[in-house]
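Contents: one structure, followed by commentary.
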Amino acid sequence: MRRRHFSARALTAACLIALGVTRAAIAQSNTGEGAPEFLFPTGARSSGMGQTAVASAIGSEALWWNPALVARSPREFGLHAVKFFTLDTDASGAVLIPVQRVGTFALGIRYLNEATQPASDSTGQQTGTFTTTVMIIGGTFASPITNRLALGLTYKLLRVGFNCTGSCNEVAITPQTIALDLGAEYLLAKDSSIALGFAFSNAGPKLQVHDASQADDLPVRATFGISAAPRLDQLPKEARVRAAADIVTRVSGGYSAGYRFGVELSWMERYQARGGYVVNGAMASSGPTFGLGFSTGKLQIDLARVLLNSVSASDAPTYLSLRYLF
């Protein structure tokens, strides 16, 4: 099959068209929502590319961004960790098992251990301390519907736990909720060089922490994205470039758009350098992103840093991902 060649101008035009079509529908806000852990980014490759993922995530990272993207994945086991000053632990693991002529099944588990907080009584007197932990379990199925279209579904269970030292009457409950992610991927070009992605995430019942009247809506999001990996005549044949852009909208309320832009440059499909920028990210933060990757063929190692305007550079999130194909 003859490879397609694109100019940088054509690539830029494709991204701008995708952004313009969906801009009128975009809004993002975190006000009055529960289960913010559903929004925390994970995966070093996607994070290094400006958190662009809905059309460009790969393997076990895709399970948390757009389930449709695992439809054509090989067998994989992935581990992902995030170092962030507000969290003691943020780690996840996932396994992907493709079944020929059926689709891909995936199971992912994510564990977050938040910083220790004081517990107090009605008079404000400290009576102990507690640590909040969150466990998210996700089961995914995705399948190619045609040569170009793939659909995916993820069922997620979120469970919040409180580990107490002393007296913690005010947090002596274990709230939980479920949510669904729906995803789609459409390959615009026959050689998969241009892909469109869509994800409708975190749809489910309210999260009740205290009582029903104070239950919080889940952070439901709709995300549109485009990914392009052209063969540019200006680059050596060993080099490959990929560009991606996402737009995120809060499904109900809010008018502030969330934008993600990212680029990846790879050499001989072994070494990768990444960069990007996030505007109005998951927690209303913006800033540049950077990342590096190395592949041995079976093992992929990725690192990323996200410099948010809401935190100091020393506290910026750092991401590490290990993906093994078996």
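Hydrogens, waters and symmetry mates are skipped; everything else that's a heavy atom, side chains included, is used.
- Within the 3.5 Å criterion, the main-chain N or O of Ser60 finds a donor-acceptor partner in the side chain of Glu76.
- Shown here for Thr177 and Lys206, the closest heavy-atom pair between the two residues is OG1-O, 3.9 Å.
- For the residue pair Ser46/Gln51, the side-chain donor-acceptor check at 3.5 Å is not satisfied.
- In this structure, Phe261 has its ring center no closer than 6.0 Å to that of Tyr277.
- Side chain to side chain, His80 and Ser321 meet the donor-acceptor criterion of an N or O pair below 3.5 Å.
- A ring-centre distance under 6.0 Å is found for Tyr271 and Phe294.
- The closest side-chain heavy-atom distance from Leu87 to Asn113 is not below 4.5 Å.
- Thr249 contributes no side-chain N or O that, together with a main-chain N or O of Val251, makes up a donor-acceptor pair within less than 3.5 Å.
- Glu33 and Arg221 are joined by a salt bridge, as a carboxylate oxygen and a charged side-chain nitrogen come within less than 4.0 angstrom of each other.
- Between Thr289 and Gly50, the shortest heavy-atom contact is OG1-N, 2.9 Å.
- Between the side chain of Ser266 and the main chain of Glu269, no donor-acceptor pair closer than 3.5 Å is present.
- Looking at Arg305 and Thr318, their side chains do bring a donor and an acceptor atom within 3.5 Å of each other.
- No option in Asp181, Thr140, Asn66 other than Thr140 meets the side chain to side chain donor-acceptor pair (under 3.5 Å) test with Thr154.
- Checked for salt-bridge contact, Glu264 and Arg240 miss the test: no charged N lies under 4.0 Å from a carboxylate O.
- Salt bridge Glu185/Arg72: present, at least one basic N to carboxylate O contact under 4.0 Å.
- Asp90 has no carboxylate O lying under 4.0 Å from a charged side-chain N of Lys83, or vice versa, which leaves the two without a salt bridge.
- Thr104 and Ser73 share no side-chain donor-acceptor pair at under 3.5 Å.
- Considering every non-hydrogen atom in both Ser227 and Ala55, the closest pair reads CB-O, 3.4 Å.
- Thr132 places a side-chain heavy atom less than 4.5 Å from the side chain of Val160.
- With hydrogens and angles ignored, the 3.5 Å screen pairs a side-chain donor or acceptor of Ser56 with a backbone N or O of Thr52.
- Ring centroid separation for the pair Phe105 and Phe141 comes in under the 6.0 Å cut-off.
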